[in-house]
Amino acid sequence: MKAQRSEQDQAVTGDASGRLGAAADTDCIVVGGGPAGLVCGLVLARLGVRVTVVEKHDDFLRDFRGDTIHPSTQDLLAELGLLDEFLTLPHADMPRVRLRWNDEEFVLADFSRLPTRRRAISFMPQWEFLDLIARAGEREPTFTLLRSTEVIDVLRAGEQIVGVRTRSSAGEETLRARLVIAADGRDSTVRDAAGLHPRRLATAMDVLWFRVPKANAESLPFGQAGAGLLIAIDRGEYFQVANAITAGTWVPSEGAVSALRGRVGRTSPQLRERMERVGLEDVRLLRVRLERLRAWYAPGMLCIGDAAHAMSPAGGVGINLAIQDAVAAARILGPGLRTGAPTVAQLRRVQRRRAWPAAVIQWIQLRIQPVLLADRPDSRPPLPLRLVARFPAFAHVPGRIIGMGIRPEHVDAEARRRVRRQ
């Protein structure tokens, strides 16, 4: 299923400190080689900033990671000159989100009227997307990606963060930079080391991920609800399925798996028989957290993506919101990073631009969580869903919120000119 990294991908990897040479003293260190970290690093490099992305794993090959690439993100790929290459990679397009509530089925979100290049969500294994961005970074002379390198602490000069301490097979080393960007997720080491602590908004929901074999050309609605929520992503030979449960209720056992089979069978009877093949070892738990920082920054450091605002998987918007953070941070801070460290006021400017979109999405997610957890097999859909079912044009509203986000971002004109010159 998971291909080995190509020689081209392996060439992206740099070595640190004595292994790194000039990259040990750079303009910007981005911690975390996920979607936000790699996109931020790429855009900064396109602006001529010396950037080092530090990733603790050797590769990107991990299952059950978010892999919805929304129309707004595909527009960004086009601006970076990567959309055509993106479309050659394995992916599946979904122009409309279908939801079945018990026996009623309707379109929940319609992307057909979006003012974007492509009017569909694309599902792509996250490692394919990350390898694409890493390859693009390799083509930039000021971009370095360190794999198998874990950040364990930040470096300080007084109150200013001036770099990071890393650990790899070469031992512990230090990297220095004018700015450290924490894109290392909701359990961010950099954020914790800087003394920033997020405010928890909700812990009402967890998600169980597993695979169910697919029968021939079978199709399922993307969402099924009423007797509990199921999300089904068509992977060709199997469905990747998510089941939302009340937070803290999953205790791994054969009894818990049996209860899972029962919930899935009630929500989606056509999967009932095949659920017998799903065992305890096949189930992965995602503990959902909704939280955000009051301040995304400290002198010399900025948080983006889940490090700044951990999202629920509802709507699949987390990756795209994080990428928009990354593009905004690169556009606002990139030009100044070539000559000096950003001021606190400049870091605050990034938060002012991106905090409101994150807060709005989290507000929506908080209010739909009770609906997602409902176990009422004989119920009708809630009123907002009935309105969408009765007036299909309403589906364009969630389509725009999901497909484009609250505040879409665009790549700096200088980075676009650099694409045309290549």
Side-chain angles (χ1 to χ4, degrees), residues 31-37 56-57 60-68 125-127 150 182-193 196-212 223 225 228-233 240-264 267 278-294 303-322 325 358-359 361-375:
V31 182
K56 66 180 179 181
H57 296 101
F60 305 125
L61 304 178
R62 284 171 289 287
D63 271 338
F64 303 121
R65 295 294 181 92
D67 53 6
T68 53
Q126 191 175 109
W127 59 85
E150 181 181 9
D184 50 343
R186 60 183 186 168
D187 295 311
S188 171
T189 299
V190 175
R191 181 189 67 197
D192 292 347
L196 302 180
H197 304 290
R199 178 167 60 98
R200 183 69 57 90
L201 303 178
T203 56
M205 184 176 76
D206 288 338
V207 176
L208 300 175
W209 284 101
F210 50 93
R211 299 178 186 175
V212 178
L229 176 73
L230 290 183
I231 298 296
I233 302 173
Q240 183 174 314
V241 181
N243 177 220
I245 61 173
T246 302
T249 59
W250 176 253
V251 179
S253 67
E254 290 303 323
V257 174
S258 178
L260 171 64
R261 294 181 188 129
R263 289 195 303 274
V264 174
T267 304
V278 176
L280 181 60
E281 69 282 359
D282 301 314
V283 181
R284 300 288 181 271
L285 173 67
L286 170 65
R287 296 193 182 279
V288 175
R289 283 167 24 198
L290 269 174
E291 57 189 24
R292 63 174 176 261
L293 289 171
R294 288 183 172 86
C303 295
I304 61 173
D306 276 2
H309 47 76
M311 313 298 291
S312 161
V317 298
I319 289 177
N320 302 278
L321 198 66
D325 289 354
I361 294 298
Q362 287 180 327
W363 183 88
I364 294 171
Q365 291 180 333
L366 274 170
R367 275 139 189 85
I368 65 175
Q369 275 194 164
V371 176
L372 301 181
L373 292 170
D375 188 356

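Values below: every heavy atom of this structure, side chains too, minus hydrogens, waters and symmetry copies.
For Asp325, the side chain to side chain donor-acceptor pair (under 3.5 Å) partners two or more places apart in sequence, or in a different chain, are His309, Arg354. For Thr267, the side chain to side chain contact (heavy atoms under 4.5 Å, CB included) partners two or more places apart in sequence, or in a different chain, are Gln224, Ala227, Leu230.
Legend: side chain to side chain donor-acceptor pair (under 3.5 Å) pairs involving residues 252-264, not counting sequence neighbours, sorted by first then second residue: Asn243-Arg263.
Here Ile245 contributes atom CD1 and Leu260 contributes atom CG; the two are 8.5 Å apart, rounded to the nearest 0.5 Å. Separating the CE atom in Met311 from the CD1 atom in Ile319 is a distance of 12.5 Å, to the nearest 0.5 Å. Interatomic distance, Ile368 CD1 to Ser312 OG, rounded to the nearest 0.5 Å: 6.5 Å. Separation of atoms CG (Asp184) and CD1 (Ile304) is listed at 10.0 Å; rounding is to 0.5 Å.
The shortest heavy-atom contact between Ala247 and Met205 is CB-N, 3.5 Å. The shortest non-hydrogen separation linking Ala307 to Leu293 is O-CD1, 3.5 Å. Nearest heavy atom pair, residue Ile231 against residue Gly223, reads CD1-CA, 4.0 Å. Closest approach of Val207 to Val288, counting heavy atoms only: CG2-CG2, 3.8 Å. Between Ala308 and Cys303 the shortest heavy-atom distance is CB-O, 3.8 Å.
Remark: Asp306 does not engage Arg191 in a salt bridge, criterion side-chain N to carboxylate O under 4.0 Å.
More than 12 heavy atoms of other shown residues, nucleotides or ligands fall within 6.0 angstrom of atom CZ in Arg199.
Side-chain atoms of Arg289 come within 3.5 Å of backbone atoms of Arg186 as a donor-acceptor pair (strictly under, hydrogens ignored). Side chain of Glu291 to main chain of Pro198: no donor-acceptor pair is present (N/O by atom type, distance under 3.5 Å, no hydrogens or angles). For Asp282 (side chain) and Gly279 (main-chain N/O), a donor-acceptor pair under 3.5 Å exists by modelled atom type.
Under the 4.5 Å side-chain criterion, counting only non-hydrogen atoms from C-beta, Leu285 is in contact with Leu208. Between Trp250 and Asp206, the closest side-chain pair of non-hydrogen atoms is not below 4.5 Å. Between Gln365 and Val317 the shortest side-chain heavy-atom distance falls below 4.5 Å. Side chains of Leu290 and Leu366 form a contact here, defined as non-hydrogen atoms less than 4.5 Å apart.
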